[in-house]
Amino acid sequence: MSKNSKVLNLKDKISGNEVDLSLCNLTEVPVRELALFTKATVVDLSCNNITSLPPEFCNLTHLVKVDLSKNQLTSLPDDVGNLTSLQHLDLYNNKLTVLPVSFSQLRSLKWLDLKDNPLEANLAKAAGDCLDEKQCKQCAIKVLQHMKAIQDDVDRAREKRLLKEKELEKKREAKQREREAREKEARKREKAEEKERRRKEYNAQMAAAAAREQQKKKNEEKKKKNNGQAAADKKVAVESAPKPRRSLVGLLFKLLLLLLLGLAGVAAACRLTDLQKEAMCLPVNVAVDNGLSWAKEQEGVVRQLVQNLSSAAKEFLESTQASKN
């Protein structure tokens with residue numbers, strides 16, 4: 001039992017299904033002790049100094065009749081609607097201004113007294129005077145209807161609030177999806193731009209490589225062409241160059257040698273064979289004799305001529321070798 005209570009033993013206050021705790025100078029309701037006596041469905045707590053009911057009071061669902069008149073209650077617990085078995089509730093002469101919205105759930109309530117409470121105007125109008133049994137029963141009906149209307153308003157307000165919150169959540173989700181879509185599109189665009197940049201770099205590299213290869217081929221072709229042109233120019237130059245004079249000298253030298261050999265052969269035939277007595281050899285023998293005489297006289301000239309012929313032959317051989325190379 002509460003330390004503020006002068007009730008020493010709750011069993012002493014129980015008579016049948018009723019518990020009389022009136023005029024006990026209570027400031028708190030002994031909820032824990034009342035919960036032990038589920039058969040006590042009628043509780044009289046009138047004429048005490050109770051200022052509030054603890055939330056646990058709403059767990060006493062076995063209560064059918066509760067008298068809380070002439071206390072100092074300023075409010076009722078929010079879950080008072082859990083007292084689904086409650087049929088009779090006396091709140092006369094307290095300090096209540098409003099009732100909790102869950103009061104509308106007291107569907108079994110048949111009797112209610114709210115006289116001498118500073119009720120707000122609409123609630124006071126619904127409660128009426130409650131001066132007799134009929135008015136108190138009417139008070140219960142009208143107050144329940146009033147609280148049901150408030151409950152409906154609260155439910156609609158809650159639904160409206162929930163709907164608004166849902167709409168706001170949808171808008172937030174839509175904005176989130178839109179932002180994610182923009183981010184996704186931006187990432188996609190960045191990837192496409194990066195891919196395009198790499199493609200351009202690759203094409204530029206391939207074009208540069210192709211240009212280098214083309215330039216290399218052109219250089220090689222140009223080099224070959226230049227080499228071929230140089231060779232052709234050299235060949236033309238060689239072919240168009242006038243034959244050296246020494247070639248003509250060599251030819252003359254050869255003809256002279258052949259002539260000399262022929263004359264020598266004729267002279268030898270006319271002097272060393274039986275033809276020397278023939279008439280045709282006479283001029284030859286005379287010419288040979290004259291030539292020998294003249295050769296003796298011109299020995300120095302012949303020697304110089306031989307040297308010249310020898311030099312010419314040497315130069316001819318060297319030029320022939322050079323042209324072959």
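Only this structure's heavy atoms are used, side chains among them; waters, hydrogens and symmetry mates stay out. Numbers here are sequence positions counted from 1.
- Under a hydrophobic clustering in which Ile, Leu, Val, Met, Phe, Trp and Tyr are joined whenever their side-chain heavy atoms come within less than 4.5 Å, directly or via other members, Leu83 and Leu96 fall into the same cluster.
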Assess whether side chain to side chain contact (heavy atoms under 4.5 Å, CB included) is satisfied between Lys95 and Thr74, documenting all intermediate values. CA-CA 5 Å; Lys95 296 182 179 181; Thr74 59; 4.1 Å; yes
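- Ile50 approaches Ser52 most closely through the heavy-atom pair CG2-O, 3.4 Å.
- Contact annotation: the side chain of Leu73 approaches that of Leu68 to within less than 4.5 Å [non-hydrogen atoms, C-beta and beyond].
- Note that CG of Leu106 is 6.0 Å distant from CG of Leu86, once rounded to the nearest 0.5 Å.
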Disulfide bond (SG atoms under 2.5 Å apart) for Cys130 and Cys136? Distances and angles first, verdict last. CA-CA 4 Å; Cys130 194; Cys136 290; 2.0 Å; yes
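- Listed for the Ser102 side chain is a donor-acceptor partner under 3.5 Å among the backbone atoms of Gly81.
- Taking every heavy atom of both residues into account, Leu63 and Ala40 meet most closely at CD2-O, 3.7 Å.
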Dump the intermediate steps for side chain to side chain contact (heavy atoms under 4.5 Å, CB included) on Lys11 and Phe37, then the final yes or no. CA-CA 9 Å; Lys11 290 183 179 180; Phe37 298 94; 3.8 Å; yes
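- Heavy-atom neighbours of Lys115 NZ from other residues, nucleotides or ligands within 6.0 Å: above the threshold of 12.
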Pair Leu91-Leu76, side chain to side chain contact (heavy atoms under 4.5 Å, CB included): steps then yes or no: CA-CA 10 Å; Leu91 295 171; Leu76 296 180; 3.9 Å; yes
Apply side chain to side chain contact (heavy atoms under 4.5 Å, CB included) to Thr97 and Leu119, showing your working. CA-CA 4 Å; Thr97 58; Leu119 302 174; 5.9 Å; no
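- For the pair Gln135 (side chain) and Leu131 (backbone), a donor-acceptor distance under 3.5 Å is present.
- Contact between Leu26 and Pro30 at its shortest, heavy atoms only, is CD1-CD, 4.3 Å.
- A single hydrophobic cluster is not seen to contain both Val42 and Val31; linkage of ILVMFWY side chains at heavy-atom distances under 4.5 Å, directly or through other members, places them apart.
- When the shell of 6.0 Å around CZ of Arg156 is examined, it contains more than 12 heavy atoms from other residues, nucleotides or ligands.
- Once rounded to the nearest 0.5 Å, the distance linking CG of Leu168 with NZ of Lys170 reads 11.5 Å.
- Using a cut-off of 4.0 Å between Lys/Arg side-chain N and Asp/Glu carboxylate O, Lys171 and Glu167 are scored as not salt-bridged.
- Residues Asn82 and Phe57 are not in side-chain contact: their nearest non-hydrogen atoms beyond the backbone lie 4.5 Å or more apart.
- Between the side chains of Asp113 and Tyr92, no donor N or O sits under 3.5 Å from an acceptor N or O.
- At least one side-chain heavy atom of Asn122 sits under 4.5 Å from a side-chain heavy atom of His146.
- When all heavy atoms are compared, the tightest approach of Pro77 to Pro54 is CG-O, 4.0 Å.
- One distance of note links CD of Glu120 with CG of Leu99; it measures 9.0 Å at 0.5 Å rounding.
- A heavy-atom distance below 4.5 Å is found between the side chains of Glu173 and Arg177.
- The two residues Gln151 and Gln105 come nearest to each other via the heavy atoms OE1-NE2, 4.4 Å.
- Side-chain contact between Leu114 and Val143 is present, with heavy atoms from C-beta onward closer than 4.5 Å.
- Side chain of Asn71 to backbone of Thr51: no donor-acceptor contact under 3.5 angstrom is found.
- Residues Val29 and Leu53 form a side-chain contact, since some pair of their non-hydrogen atoms from C-beta on lies under 4.5 Å apart.
- The 12-atom threshold is exceeded at CZ of Arg199, counting heavy atoms of other residues, nucleotides or ligands nearer than 6.0 Å.
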Go through Glu221 and Lys224 one step at a time and tell me if the salt bridge (charged side-chain N to carboxylate O under 4.0 Å, His left out) criterion holds. CA-CA 5 Å; Glu221 292 176 357; Lys224 290 180 180 179; over 6 Å; no
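- The side-chain heavy atoms of Asn93 and Ser69, taken from C-beta on, include no pair separated by under 4.5 Å.
- With values rounded to the nearest 0.5 angstrom, Arg189 atom CZ is found 6.5 Å from Glu193 atom CD.
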Passes salt bridge (charged side-chain N to carboxylate O under 4.0 Å, His left out), Glu194 versus Arg197? Steps please. CA-CA 5 Å; Glu194 178 65 18; Arg197 184 184 63 80; 2.3 Å; yes
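- Val98 and Val154 sit in two unconnected hydrophobic clusters of ILVMFWY residues. Membership requires side-chain heavy atoms under 4.5 Å apart, directly or through other members.
- Counting non-hydrogen atoms of other residues, nucleotides and ligands closer than 6.0 Å to CG of Asp78 gives a total of 12 or fewer.
- For the 3.5 Å distance criterion, the side chains of Asn25 and Asn49 qualify, holding a donor opposite an acceptor.
- To the nearest 0.5 angstrom, Gln215 atom CD is 11.0 Å from Glu220 atom CD.
- In this structure, NZ on Lys216 lies 11.0 Å from CZ on Arg212, to the nearest 0.5 angstrom.
- Of all heavy-atom pairs between Leu21 and Asn48, the closest is O-ND2, 3.0 Å.
- Side-chain atoms of Trp111 and Asp90, non-hydrogen and from C-beta on, do get closer than 4.5 Å to each other.
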